[in-house]
Amino acid sequence: MAVPQLHIDPDLIAQLKLKYFADKKKVKHLKKSDYLMRQNQKNSRLYIVLQGLVAGFLDTGSENHQEIFRSGKNMFVGVHSFFSKSDSAYADLIALEDSKLAYIEFSDYEGANEAKLYEDFVQVIVNELSSRQVFAKDAMLEKEAAMKKLYHSDKLATLGQMAAGLAHELNNALGVINGNSEWIAQQIYNRFKNSEEKAVFSYFEKGYENGQLLSSVEVRKKKKQFEKQLKISSSSAKHLAQIDFDEKSLPATSVSESLDELIGRMHYFWEIGVAIHDILVASKHGVHVLKSIKQLSAADQARHEVELNDSINEALILLKNVVKHVDLDFKAGKIPTLVANNGELVQIWVNIIKNGCESMITAGIPEPKIQIKTSANKKGVTIEISNNGPEIPGNVKQKIFQPNFTTKKGGLSFGLGLGLSIVQRLVDSYNGAIEVESNSKETKFKIKIPIS
Amino acid sequence: MDKLNIIYVDDQREVLSTLSKDLEVFEKYFSVEECESADEALELVNELDASGGLIALIISDHIMPGKSGVDFLIEINNDGRFGQTKKMLLTGQATHQDTITAINQANIEKYIEKPWKSEELIDSVKILLTEYILNAGIDYEKYTPILHQQTLFTILQSRV
């Protein structure tokens, strides 16, 4: 905490010093950590600090003594006990540096000179009161900020512990769903591949591999076409549209089977394939969500010597499916070895690059680009990741690093609103800094990590 | 003859596919249409209405990109052409306030949470369709097998 600023006219201090504190015999020297007086000790002296720094501590009975004021050069000590006539100090006064103080005794001024003493020191008293007030206020604000931070990190830690347990349980459940779905698909494949159904069985594979490929709008459009062209019932036309039927591939109907029945069989196999496909997609999505939540828990945080550029390449491999739609440019600079957790670094890049790609794809940017540049100087390393996606509006920019904030709401790419809050937390843990600049041409995330 | 439509809206294709399996039992009597967004659904109801179709029931998710389900249902509710249309919110994520808005401003008849149980969903759909058909004064006889028998009975009883 800083020494409170003096608000007293220096001339007045000089006059007071000359008039009251000129007696060379009334000087006290303190070494650093020496006590000037103890709480509740009798005090009838008023001190002025000539050199050094003295602070007052309240003994609250706990281990931490609460500092309540400090006085530097030309500031006064003992004002409260001296003028209030309470006679005893209400705090421990300890020298924070080697200090020199001059003092006066109250008994020297009792009686006739008392009024004059008060008059001379009124400004000192008022200033003392106000500076203690300021000190108390600052201390309170500081404490409140610390409490808030503590509460926040506590919340994240609890969430992390819960997440780790939750993730374990749910991953097991998802593993069972995933494994058995694949098994069922294999059984269906074995059973029908070479059966008499094999002509329509290809629709099972189509559904299994692609899921429902066409949008509802496309399905409606094709349905109308098929209704007209093939003169079939509207429900058969819808089925053909859903399976994205190619007219050239219509299997031959047997004598005993109507066209509607044949379409029904094709659609039936397709639908079973889609159902298993969707189960697998949903369980994969579940695994992905769990992974994101799990990042909040402190699993493996050990730090070793790592190559920064390698961690970026690793992230790009993980994001293969996302970045393949994007023009990627990675300019790797010469970077000294860092002491870091590779997994954490990869996580930072994955979150930022993935967010950038998704925002460009969602916005339908015609030539989406991601540029990555790494560089280093004596102080640390700088990583710049920019995209040519839409500008992040100012009000959104303020919130992107907050947990629970997301702009992604729909579809399987929906976000938990955790990505960039994780990035922020990780960058913080390396004493690094992250900033974002966004305009209509590009959005750039700049991360600086000091070399420790 | 006027054709009755059931429309359901969800931005996730996997959810639409799942829902369509539950609604398959209605396909014989109704035209069942899927939409991936509120805007697509609005366009579709306009088109259907213009060609003389009736919208019996709309089932909508709430959290979707673009227009939310509740906002979409409020629009439908304020549109005189769809005064009789039954509205159901099917969602896994609606806040308390969303729900209040849905009830007060969109006059939704039913709220079902994801994940839903097939039986409960089908039952609710049957009840709403039964109410729609009888309120709209449509000849219910040919729909009888798919209607909710208890609801049908209660409404007919009250008319006697």
Side-chain angles (χ1 to χ4, degrees), chain A residues 181 207-208 210-224 227 233-239 241-244 264 267-268 270-286 289 358-359 361-364 404 406-417, chain B residues 3-48 51 53 59-72 91-95 98 114-115:
Chain A
S181 305
Y208 179 65
N210 307 322
Q212 162 86 61
L213 209 52
L214 297 187
S215 72
S216 50
V217 173
E218 289 166 320
V219 167
R220 251 193 306 283
K221 210 169 100 191
K222 290 213 164 182
K223 175 191 161 190
K224 280 180 191 156
E227 241 177 325
S233 72
S234 95
S235 108
S236 285
K238 186 175 177 181
H239 285 168
Q242 282 177 328
I243 67 179
D244 194 14
H267 183 262
Y268 179 59
W270 175 81
E271 214 176 11
I272 295 172
V274 171
I276 300 176
H277 170 271
D278 287 355
I279 293 173
L280 291 172
V281 167
S283 77
K284 274 201 191 92
H285 179 56
V289 170
E358 282 169 356
S359 77
I361 290 164
T362 309
N404 310 324
T406 184
T407 57
K408 288 178 266 178
K409 284 184 172 168
L412 280 181
S413 68
F414 90 93
L416 283 173
Chain B
K3 200 170 182 193
L4 300 185
N5 292 280
I6 300 171
I7 292 169
Y8 57 103
V9 193
D10 198 304
D11 60 304
Q12 237 172 300
R13 227 170 261 178
E14 292 79 8
V15 177
L16 283 181
S17 290
T18 311
L19 200 56
S20 79
K21 293 191 182 72
D22 287 334
L23 295 180
E24 213 175 338
V25 291
F26 298 98
E27 296 231 0
K28 207 170 149 195
Y29 303 89
F30 299 86
S31 167
V32 182
E33 299 281 356
E34 307 166 19
C35 292
E36 288 171 22
S37 71
D39 285 329
E40 185 188 329
L42 279 171
E43 207 173 295
L44 181 67
V45 294
N46 282 329
E47 201 181 293
L48 291 170
S51 58
I59 302 170
S60 179
D61 183 24
H62 174 46
I63 306 282
M64 298 185 282
K67 196 170 285 162
S68 78
V70 171
D71 286 345
F72 163 58
T91 179
Q93 203 183 0
T95 63
D98 291 335
K114 287 178 187 171

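To find a chain, count down the sequence lines: A is the first, B the second, and so on, and within it residues start at 1.
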Is there a side-chain contact (heavy atoms from CB on, under 4.5 Å) between B/E14 and A/V281 once you walk through the steps?
-> CA-CA 9 Å; B/E14 292 79 8; A/V281 167; 3.9 Å; yes
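Comment: A/R220 does not engage B/E43 in a salt bridge, judged by the lack of any side-chain N to carboxylate O separation of less than 4.0 angstrom.
Shown here are the side-chain contact (heavy atoms from CB on, under 4.5 Å) partners of B/A38, two or more places apart in sequence or in another chain: B/M64, B/K67, B/F72.
The local environment of OH in B/Y29 is crowded, with over 12 non-hydrogen atoms from other residues, nucleotides or ligands closer than 6.0 Å. In the displayed structure, A/K221 atom NZ is contacted under 6.0 Å by at most 12 heavy atoms of other residues, nucleotides or ligands.
Ranked by heavy-atom pairs under 4.5 Å with chain B, the list A/Q242, A/K223, A/E271 is led by A/E271.
Here salt bridge (Lys or Arg N to Asp or Glu O under 4.0 Å) pairs that include residues 16-32 of chain B, with residues two or more places apart or in two chains, are A/K238-B/E27.
Between A/L214 and B/E36, the shortest heavy-atom distance links the atoms O-OE2, 4.3 Å.
In this structure, the side chain of B/R13 does not engage the main chain of A/S216 through any donor-acceptor pair within 3.5 Å.
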